[in-house]
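The structure under discussion appears below in the form of structure tokens.
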Amino acid sequence: MLGSGAKAAKPSFVSYISPEEIHVKEPIEKEVNPHLLPGEQLLCEASTVYKYIQEDGSNRGTYGKLVCTNFKIAFLDDDSTSDDNEPQFKNKIIGENDITLQCVDQIYGVYDEKKKLLTGQLRKYPEKLIIYCKDLRVFNFCLRYTKEEEVKRIVSGIIHHSQTPKLLKRLFLFSYASAAPNNTDARNQTVMFDTLEDWRDELERTKGNVQYKAVSTNEGYRVSEKLPLYFVVPICVSEESILKYEGRGIPIWCWSCHNGAALLKMSAFPKEQDDSASQMQKAFLDGIYRTIRKPPYELLKTDDLSSSLPSLQEIQTAYTRFKQLFLIDNSTDFWATDVKWFSLLESTNWLEIIRRVLKKAIEVVECLERQHTNVLLIEENATDLCCVISSLVQVMMDSYSRTKLGFQSLIQKEWVIGGHGFLDRCNHLHKSDKEEAPVFLLLLNCVWQLVQQYPPAFEFTETYLTVLSDSLYVPIFSTFFFNSQHQKDTTATGESLKTQSGPFRFLTVWDWSVQFDLKAQAFLNNPLYAEKPKPEKSQRKTARFKHQRQLSLPLTQTKSSPKRGFFREETDHLIKNILGKRIGKFINSSDEPPNNFREFYDSWHSKPVDYHGLLLPRIDGPEIKVWAQRYLRWIPEAQLHGGGTIATAAKILDLMEEVQNLQVKMDEEHSQAVSGGIHAVPMLRNSARLSSLFPFALLQRQSVKPALPTSTWKDLEDEDDLVKRDDEFVDLSSDIL
Amino acid sequence: MASSSAPKYNSHSLESSSIKRTLKDGANWEKSEEIPRLPGETRVTDKDVIYMCPFNGPVKGRVYITNYRLYLRSVENDPVVVLDVPLGVISRIEKMGGASSRGENSYGLDITCKDMRNLRFALKQEGHSRRDIFEVLTKHAFPQSHNLLFFAFANEEKFSENGWMVYNPMSEYRRQGLPNERWRVTFINEHYGLCDTYPSLLVVPYNATDDDLKKVAAFRSRNRIPGCNQVLSWIHPENQAVIMRCSQPLVGMSGKRNKDDERYLDIIREANGQISKLTIYDARPNVNAVANKATGGGYESEDAYPNAELFFLDIHNIHVMRESLKKLKDIVYPNVEESHWLSSLESTHWLEHIKLVLTGAIQVADKVSSGRSSVLVHCSDGWDRTAQLTSLAMLMLDSYYRTIEGFEVLVQKEWISFGHKFASRIGHGDKNHADADRSPIFLQFIDCVWQMSKQFPTAFEFNEQLLITILDHLYSCRFGTFLYNSESVREKEKVTEKTLSLWSLINSEKSKYTNPFYSKELNRALYPVASMRHLELWVNYYIRWNPRIRQQQPNPVEQRYMELLALRDDYMRRLEELQITNNSKISNSSASSTSPSQMMSQIQTHF
């Protein structure tokens, strides 16, 4: 590390260490080689690159080599002495100085102290490179001491490989899959929904199998390339109808609620110019509605999400503005934006979108749960906001979706197999900015609100959600790199034919051991989770008939039984169904949904929470928060030494460990065995001093100097006369003798 | 519970249960017909009214007024709706409507409270029905304006602990290692002759004589309050740097100087053995300090104090703070601003002021902790912003103040004994609700403490409940703790003899106020991050009356932790038993305990 020699400069991104200071430490020309994955190739490199430590706005940093491969951009520290203090939470695939090509958001060059966005061909090469990442890291590289040749190669290489359109088959996914055939145990416990059996199990689990059936009509993709091979429709829907409009206008089943009401989705017909065509479509739809509106089906409510929720364009705009608030260049930047922080946040509209989406999900839940009606979500392709709402509804109503396996299966069902266009929405190939929209991130942000409002209700932690969001940009897993099941199947077989190695077997992101060792995986599990009986395959199907909450701890005081939500008493259930139906009909006729919503919402919140029952997010202004872990984790100014939620979480983990050790000892005493010395490895040493950014803090500040705002003064324009007054007006002049 | 038998989605049960949720703050239902009464509390009157609940609509009930509280019990609602309000929180009572007013429930009383809520009661229009209740309420809510005593003087409660014993200035200074060879204790203010807003016992530089102090006091004074000189608040145990507090110097337009004051500051500077400049933090914005010269005040100029460095901390005056809180109330009561919550919150400036106060305190603490210089803090008078800054800096530097007892000492010392004018700022028992002296300075301090405890959830021995209880009794007048403006008045009124201390209540049931996550850490400076990214509105205090806003009590994380603690203790006990039985080789003892693995299977394991 370059010591404090460079510290004197002003804290601004435009200042550089002066040339005189460079001899403080001559860069050592030593061969540091990047760690390459199977199939990864080094494309270009540059040495004597100076990476700023974005710690205190000073220009401290390290020299090293900047490389670009077909998978990532990496900075290799010349001074690799820091290896001895291995972080507790480490990604095995992506090091702290690695940026996958898909994770690069924007690249700026600095020319004569001016920032310029770099996109295509460059005529002049910058003195400094700033890389903004989609996981919100910011890298500052100084290229002043790098040979001109190398600067040219690395800058144009990085821009070419990370910012320009590329072909799907050029994704690292394929090189990796052919170089490292997937030998991991294919029997991942997450339900993948790529077989008819998976859908039948899900129907059985949710008791939807009376009215709905899994169909294989789309085998060979003869219905549509957008639909999965297998899906579920109402029993009364015929194969001909499904085939008629490539699956459009067909209600597709998402999930069934305990009272039999189901959540359905449908891709709408595009606006038809031809009048007779649209007449026919209308007739077709009427026919469909007629069949699913009569018994045994419940009343049906339809909700056109394209008109009741913000458009994808609005979502994209909001997120673009929002993330910008967290891509902080330096300390000055941080404090300058701090003054107007709340209005800046509000002006992005991102939190308001989250609120509206959560509200919509509650409305749907109200229909299913209380009015006992089926809900049909409609959207152009039923693969964007439909996925968000249907996933949220299930997370709120089905406690299985709040377990790790359940949540992963849900993502498989609604998103991966459901046909969300990850490739286009994440713009992984830089094909078209117009298609880009952070729809999946929107879901994770909404789920996070629930996780932070109801910590004991989820088996996974916010850290899980954060690393899941990061995994969107890691192209060794197929999960988030295709637009549809069809695309994955055809590309996989097509590409593998060329290499003659049989179809590709890709890794799934749900195999967390690929990214994290066991110790790190522990951070994904919520120690506060109040567990239900082990969700073994056979048990899982019947899990929802377990009425009592199984307490994971014997000492919880029995509360007055919360009688609401998913796991209620059977009789109660029955009465409510009858009541629900009647109320539902009544309300339908009176046509006053907003009050329904408010009453349902207030009524639920006035009762104690059953963490295994129905869960409704709170959506009042102060309740919708910024997902601090994801968005603030790389900003040193936002770091609390020994504080944050991690401080309490660490104490809980420590205590659990203590309890476990005691248990081992007790077993030993019981069996009178000689103590075997099997003690759990302490997870968090010195937990009191952990940073609030843990487990993500890239650089834990060593100093205990407090972070001080640099710009705090703000005029209180409107209160001028008050401002000028003294606390208590007294003329003191007479006092002086 | 009775409610569980009620039909689930019936709107009636919705209303009552949402009222029930506000249990801890005074509105809940009770089965018993008893009206709660403290020893010494006497019933004055009662009357049938309609409580106009802003969240649940009109509630028919009977209101009971005692010399301590207003208590309402509904008569028709099942379950019963209850409102329990100490009269001390009442800031203003207004009549609404006239005898001829039309419209339902338009005739009655409107009560503005100091604790972020308003109460509205409707009465029958016939026969001036509200006249007597208005008079009774006015009389007992504003005893000071009616030559009556505070309820604290009638309170006959008994507690197992005596809170008046918590703070003893001498032992607190001794804890800090004072007096020593550089600092001495002086009784010059024993009869409050030097400064009637300061405590009788002061710590001053060893090299300053009592005569010096008198001369300095003259320069640091104002006609009403002669003698507020620089006295020591806290000394760093290692580097001996100190935090001093005082009021502004009387510089005036002509730029008066005072050799004694200048020399005195030099003595302070030298007292920690450092040669660097003394740092002076003036809490005010620069412009205000300049403006104060016009009225005879001012700040330490560089010419007069070449060995001192002056910084302004830009904290606004008491009037700005009062207006800010008023705006905050507007956006949270009775309804929370929905769609533009963040910009509304920003427009109140409340958190911005919190940020400035915290930033100032961090600067003070950091300066002292660096050991490079002692620090002198003042604002205009030295009892508002100064108290906020010194007490918060001490909280950051000294982990003792983060314990329950230590925090009580801190409040008692920096606020109560050093003359924060509680009576004027709160307006205890005073009907003049528009008094410009009122300001939520102490509330702001407690809010800052809450922000710190939120950022460092394991660093404080006390929990949020303690802070809320302190604020509730800041207004209630049930205890003598916060009554009157200064130690000298309190002595005159014999407060410690005739009233009870709030700390008696708290120390008698400490477990209620204890943070289970507390881990004791000595000598660790705790710097909060004074960034809007971390500052939050204290919802559980400011929006606690609104049943729609979450009040997770008990906090599920905390509850879970307590369960684990209990489990650990249980295991430890069992283990001990097992070891005893195993050691005594009695093999036939397994009947008493179930297998621990059986129990353990219910704890999930992630490792």
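Lettering of chains follows the sequences in order, A, B, ..., and the numbering in each one begins at 1.
- Proximity to chain B (any heavy atom under 4.5 Å) is shown, for Phe334(A), by both the backbone and the side chain.
- For chain A, no part of Leu537(B) is nearby; none of its heavy atoms comes within less than 4.5 Å.
- A salt bridge does not link Glu563(B) to Arg568(B): none of the charged nitrogens lies less than 4.0 Å from a carboxylate oxygen.
- Taking the six-membered ring where the residue is Trp, His349(B) and His353(B) present tilted rings, their angle falling between 30° and 60°.
- Under the 3.5 Å distance criterion, with hydrogens and angles disregarded, a donor-acceptor pair is assigned to the side chains of Glu366(A) and Gln371(A).
- For the pair Gln660(A)/Val664(A), no side-chain contact is recorded, criterion being any heavy-atom separation below 4.5 Å from C-beta on.
- For a residue to count as touching a neighbouring chain, one of its non-hydrogen atoms must lie under 4.5 Å from one of that chain's; by this rule Pro622(A) touches chain B with backbone and side chain alike.
- At a 4.5 Å heavy-atom cutoff, the contact between Leu325(A) and chain B is made by backbone atoms alone.
- Counting only N and O atoms by type, the side chains of Thr337(A) and Arg533(B) include a donor and acceptor under 3.5 Å apart.
- Only the side chain of Glu658(A) comes within contact range of chain B, with heavy atoms under 4.5 Å apart.
- The candidate with the highest count of non-hydrogen atom pairs below 4.5 Å against chain A, out of Arg385(B), Arg322(B), Met253(B), Met321(B), is Arg385(B).
- Contacts between Leu535(B) and chain A at a heavy-atom distance below 4.5 Å involve the backbone alone (N, CA, C, O).
- With a 4.5 Å cut-off on non-hydrogen atoms, Arg356(A) does not touch chain B at all.
- Both the backbone and the side chain of Val529(B) come within less than 4.5 Å of a heavy atom in chain A.
- Counting heavy-atom pairs closer than 4.5 Å to chain B, the top residue among Glu352(A), Arg355(A), Gln521(A) is Arg355(A).
- If you check the side chains of Gln248(B) and Asn292(B), you find a donor sitting under 3.5 Å from an acceptor.
- Considering only heavy atoms from C-beta on, Tyr601(A) comes within 4.5 Å of Arg618(A) through its side chain.
- Relative ring orientation between Tyr631(A) and Phe326(A) is described as tilted, the plane-to-plane angle lying within the 30° to 60° band.
- Under the 4.0 Å criterion applied to side-chain N and carboxylate O atoms, Lys355(B) and Glu352(B) are not assigned as salt-bridge partners.
- Contact annotation for Leu655(A): only side-chain heavy atoms (C-beta onward) come within less than 4.5 Å of a heavy atom of chain B.
- With a threshold of 4.5 angstrom between heavy atoms, Phe312(B) does not approach chain A through any atom at all.
- Taking Leu358(B), Leu575(B), Leu342(B) one by one and counting their heavy-atom pairs under 4.5 Å with chain A, the maximum is reached by Leu342(B).
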